Amino acid sequence: MLPILLNEQFVHFFKFYLNQQLQQGMRYRTELYCLVSEFDRTDRNKAYQRACELAEQGISVVMTASHFKYAIWKSLKSAPVADPQPSHSSPGVCPV
């Protein structure tokens with residue numbers, strides 16, 4: 001399934017804790033998502049390619065677009081509840 005592309009104006013942002021780290025979250029309709037990565041507005045193809053890679057793995061993915069950036073979000077239903085190994089991802093970014 002291909003990722004959905006949404007304008008940031010149509011989603012709601014929030015912060016939450018996952019794996020003992022503060023994460024960036026997003027709600028679209030009744031689904032909750034966590035931030036996977038962000039790309040500069042000029043890197044649209046890279047952002048879409050990364051989103052498609054995640055979608056091919058069976059992860060529910062949404063991309064948001066603003067005037068400045070593209071963001072990739074994965075469903076919290078896809079996020080691990082507890083990670084036995086520490087995540088090496090950036091603060092505020094969900095592990096994949």
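For the numbers below, each heavy atom of this structure counts, side chains included, while hydrogens, waters and symmetry mates do not. Everything quoted here is computed from the prediction, not taken from an experiment. Along the sequence shown, residues are numbered consecutively beginning with 1.
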Find the distance between NZ (Lys69) and OG (Ser37) and round it off to the nearest 0.5 Å.
11.0 Å
Between Tyr33 and Phe16, which heavy-atom pair has the shortest distance, and what is it?
O-CE2, 4.5 Å
Counting C-beta onward and ignoring hydrogens, is there a side-chain heavy-atom pair between Gln24 and Lys15 closer than 4.5 Å?
yes
Between Tyr70 and Arg44, which heavy-atom pair has the shortest distance, and what is it?
OH-CD, 3.2 Å
Heavy-atom closest contact (Met26 atom, Thr64 atom, distance)
CE-CG2, 4.2 Å
If you round to the nearest 0.5 Å, how far is CD of Gln49 from CZ of Phe39?
8.5 Å
Closest non-hydrogen contact found for Leu5 with Ala65 is CD1-CB, 4.1 Å
Which distance, rounded to the nearest 0.5 Å, do you find between the OG of Ser75 and the CD1 of Ile59?
9.5 Å
Quick check: does any side chain N or O of Arg27 sit under 3.5 Å from a backbone N or O of Arg29, one acting as donor and the other as acceptor?
yes
Can you name the closest pair of heavy atoms from Leu35 and Ala71 and give their distance?
CD1-CB, 3.8 Å
Contact check, side chains of Leu22 and Tyr17, non-hydrogen atoms, under 4.5 Å
yes
Under 3.5 Å, side chain of Asn19 to main-chain N/O of Gln21, donor-acceptor pair present?
no
Heavy-atom closest pair (Trp73 atom, Phe13 atom, distance to 0.1 Å) is CZ2-CE2, 3.5 Å
